[in-house]
Amino acid sequence: MQSSKGRPRRDGAGQESSVERLDVGPPEEAGHLRYDDPWYDALASGWGEPDGAGVQASVVAPSARGEGETGVAAADVYLEVQRSAAFQEVRRRYRRFVVPAFVAFFAWYVGYVVAATAAPELMARPVVGAMNVGLVAGLGQFLTTFLFTWAYSRHARLRRDRAALDLRWDTQELTRGVNGGAS
């Protein structure tokens with residue numbers, strides 16, 4: 001019998017396990033990643049893998065300095081992008097939405113808490129049937145949370161995402177050039 005992923009079951013049991021076992025092979029291969037592993041990263045292969053003697057190799061992080069002749073650090077690329085007009089525009093658009101939205105939501109939240117503690121007779125006033133002002137305002141907190149989340153994602157999608165992706169692309173291209181063609 002086969003699992004839903006088309007591979008034969010290893011345990012032979014009648015029930016499918018939600019967690020598949022990873023057979024790593026003999027103990028000397030335990031530190032090696034398999035190519036069919038979805039978390040395998042070809043760019044990081046060789047980092048921290050055993051070096052033939054069965055001893056864990058030391059992990060060496062790439063340096064911030066580029067290997068090319070320019071001698072420019074990758075950090076300088078990020079500082080250059082941060083100082084660019086395009087980056088400042090993305091940050092300005094972000095702040096123009098987030099600051100007023102935060103002030104409005106925080107005022108609404110604090111107003112609800114203060115009204116609930118300072119004016120219980122107002123919050124106990126019936127609106128419709130068994131529903132009172134406090135219950136309607138409390139449910140309104142959930143509603144406004146969802147509305148602000150929707151408005152934030154819409155604002156990001158329409159006003160910031162394209163520019164931010166362009167900046168990311170430019171930054172990747174510049175750092176790739178600094179690192180001598182390596183990502």
Side-chain angles (χ1 to χ4, degrees), residues 3-7 15-22 33-34 36-45 47-48 59 61-62 64 73-179 182-183:
S3 70
S4 60
K5 294 184 179 181
R7 290 178 283 207
Q15 283 231 327
E16 226 179 283
S17 171
S18 62
V19 178
E20 292 186 26
R21 292 181 301 177
L22 178 63
L33 293 174
R34 297 185 338 204
D36 60 345
D37 184 357
W39 298 104
Y40 179 77
D41 184 6
L43 296 175
S45 65
W47 287 10
V59 176
D76 294 338
V77 170
Y78 288 103
L79 287 173
E80 179 185 334
V81 169
Q82 185 180 7
R83 292 180 188 123
S84 71
F87 182 83
Q88 295 304 320
E89 181 60 27
V90 170
R91 295 297 297 168
R92 192 173 7 265
R93 289 177 184 177
Y94 171 78
R95 279 189 225 105
R96 255 188 268 154
F97 179 84
V98 169
V99 171
F102 169 77
V103 169
F105 187 77
F106 191 72
W108 163 232
Y109 177 75
V110 169
Y112 171 73
V113 171
V114 168
T117 56
E121 63 279 349
L122 170 70
M123 299 301 262
R125 189 172 295 162
V127 175
V128 175
M131 297 206 29
N132 58 19
V133 172
L135 185 59
V136 170
L139 292 173
Q141 291 285 314
F142 286 104
L143 177 65
T144 55
T145 300
F146 290 115
L147 286 175
F148 274 110
T149 303
W150 170 80
Y152 176 82
S153 64
R154 183 176 186 276
H155 181 269
R157 187 182 70 246
L158 295 177
R159 308 209 192 268
R160 293 190 325 264
D161 284 353
R162 175 63 56 194
L165 283 173
D166 290 342
L167 277 170
R168 181 179 179 192
W169 182 260
D170 293 343
T171 304
Q172 292 297 317
E173 289 297 314
L174 288 171
T175 57
R176 190 171 290 127
V178 164
N179 291 332
S183 306

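The chain is numbered in sequence order, starting from 1.
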Asker: Are more than 12 heavy atoms from other residues, nucleotides or ligands located less than 6.0 Å from atom OH of Y94?
Answerer: no

Asker: Mind checking ring-ring contact (aromatic ring centres under 6.0 Å, His included) for F102 and listing every partner two or more places apart, or none if nothing turns up?
Answerer: F106

Asker: Closest approach of L167 and S84, non-hydrogen atoms and distance?
Answerer: CD2-OG, 4.1 Å

Asker: What are the two closest non-hydrogen atoms of A124 and N132, and how far apart are they?
Answerer: O-CB, 3.7 Å

Asker: To the nearest 0.5 Å, what is the distance between OG1 on T144 and OH on Y109?
Answerer: 11.5 Å

Asker: From F146 CZ over to W150 CH2, what is the distance, rounded to the nearest 0.5 angstrom?
Answerer: 14.5 Å

Asker: Assess the residue pair Q82 and L79 against the criterion (side chain to side chain contact (heavy atoms under 4.5 Å, CB included)); give the C-alpha distance rounded to whole Å, side-chain angles, the decisive distance to 0.1 Å, and a yes or no.
Answerer: CA-CA 5 Å; Q82 185 180 7; L79 287 173; 3.8 Å; yes

Asker: With sequence neighbours excluded, give me every salt bridge (charged side-chain N to carboxylate O under 4.0 Å, His left out) pair touching residues 79-102.
Answerer: E89-R92, E89-R93, E89-R96

Asker: State, to 0.1 Å, how close V77 and T171 come at their nearest heavy-atom pair, and which atoms those are.
Answerer: CG1-O, 4.2 Å

Asker: Mind listing the closest non-hydrogen atom pair of A151 and F97 along with its distance?
Answerer: C-CZ, 3.7 Å

Asker: Measuring from atom OG1 of T175 to atom CD of Q172, what distance do you get when rounded to the nearest 0.5 angstrom?
Answerer: 4.5 Å

Asker: From W169 CH2 over to L174 CG, what is the distance, rounded to the nearest 0.5 angstrom?
Answerer: 12.0 Å

Asker: So which atom in G129 and which in P126 form the shortest heavy-atom distance, rounded to 0.1 Å?
Answerer: O-CB, 4.3 Å

Asker: For A104 and F148, which heavy atoms make the closest approach, and how far apart are they?
Answerer: CB-CZ, 4.1 Å

Asker: Sorted by first residue and then second, give each salt bridge (charged side-chain N to carboxylate O under 4.0 Å, His left out) pair with at least one member in residues 155-166; sequence neighbours left out.
Answerer: none

Asker: Using 0.5 Å steps for rounding, measure from the CZ atom of R154 to the OG1 atom of T149.
Answerer: 15.0 Å

Asker: Please evaluate residues L139 and L143 with respect to the criterion side chain to side chain contact (heavy atoms under 4.5 Å, CB included), reporting the C-alpha separation (whole Å), side-chain torsions for both, the decisive distance (0.1 Å), and the verdict.
Answerer: CA-CA 6 Å; L139 292 173; L143 177 65; over 6 Å; no

